[in-house]
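Step one of this worksheet: look at the structure below.
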Amino acid sequence: MEGRGSYTLPTGTEYRGELKDGMFHGEGVLLFPGGGRYQAVWHRGVPAEVPGSPGLLGGCGALALVPCPPSLFCPPPSLFSAPQSPPVTPRLCWQGKYTFADGLEYEDEKWHYCDGYDRRFYTEICSGLKPAGISQLTNLDPPRKIPAGCYDCGDGFYNPETRIVVDYKLRFLRNADDDEHEWIIRTCRKAEDETTGHKPKP
């Protein structure tokens, strides 16, 4: 494939943009099934910094993959795995812009969203807080109903018994490794398995 086009990965993620030798090459965007998007300049299948590229990144110079400073957004290599892509080295940092489904843009620096001082969801920042007693549980309101025994991990539901992540239409996405399993159990919202509220003293 050469020129401009689109390619849909088995996960449902779609690439739209420039292609060369069947790989993402030039300006392009990944459109994730959950509504998020990652726009970047690509080089042989991986996001790259192109200082001379108009539109996405300013400046001038030659193509370069740069070492990743701690403050820069460095997504896991698996996020960009695609057929015919060269191996991705986690030590490299990819430049681009990620926009969440609700329109919130990720910032490399001065990221204030959910930073400990302001715990509001982005939709609460945009639309205001609900009255007392009607707390918003997720950025999506009303929240998704989670299948029994499962967790909502952001791009689908996770079953800790099978260690499988399925999308919100219950289609297979991936098997979770130990790190992802621990992260989901520690941080993600779980289906309610018991009634909460006032319990009378015995």
Is there a side-chain contact between Phe32 and Tyr98 in this structure, where contact means two heavy atoms from C-beta onward sitting under 4.5 Å apart?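 With C-beta onward as the side chain, the pair touches.
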Can you confirm whether Val166 sits close enough to Leu173 that some side-chain heavy atom of one is under 4.5 Å from a side-chain heavy atom of the other?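 The answer is no, as the side chains (C-beta and beyond) never meet within the 4.5 Å cut-off.
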Heavy-atom closest contact ([X] atom, [Y] atom, distance):
X: Leu170; Y: Phe157; answer: CD2-CD1, 3.9 Å
X: Tyr168; Y: Asp152; answer: OH-OD1, 2.5 Å
X: Lys190; Y: Ile146; answer: C-CD1, 3.9 Å
X: Pro33; Y: Gly12; answer: CG-C, 3.7 Å
X: Phe24; Y: Trp42; answer: O-CB, 3.6 Å

Distance (rounded to the nearest 0.5 Å) between Thr13 OG1 and Leu31 CG: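 Rounded to the nearest 0.5 Å, the OG1-CG separation comes out at 8.5 Å.
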Could you give the distance from NZ (Lys130) to CG (Asp141), rounded to the nearest 0.5 Å?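 These two atoms lie 4.0 Å from each other.
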Determine whether a donor-acceptor pair (N or O, by modelled atom type, separation under 3.5 Å) exists between the side chain of Glu2 and the backbone of Asp21.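 Between the backbone of Asp21 and the side chain of Glu2 there is a qualifying donor-acceptor contact (under 3.5 Å).
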Is it the case that the side chain of His25 and the backbone of His43 share a donor-acceptor pair, with hydrogens and angles ignored and the cut-off at 3.5 Å?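 No, His25 side chain to His43 backbone: no donor-acceptor pair under 3.5 Å.
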Test item: side-chain donor near acceptor, Tyr151 and Asn159, under 3.5 Å: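 There is no such pair between these side chains.
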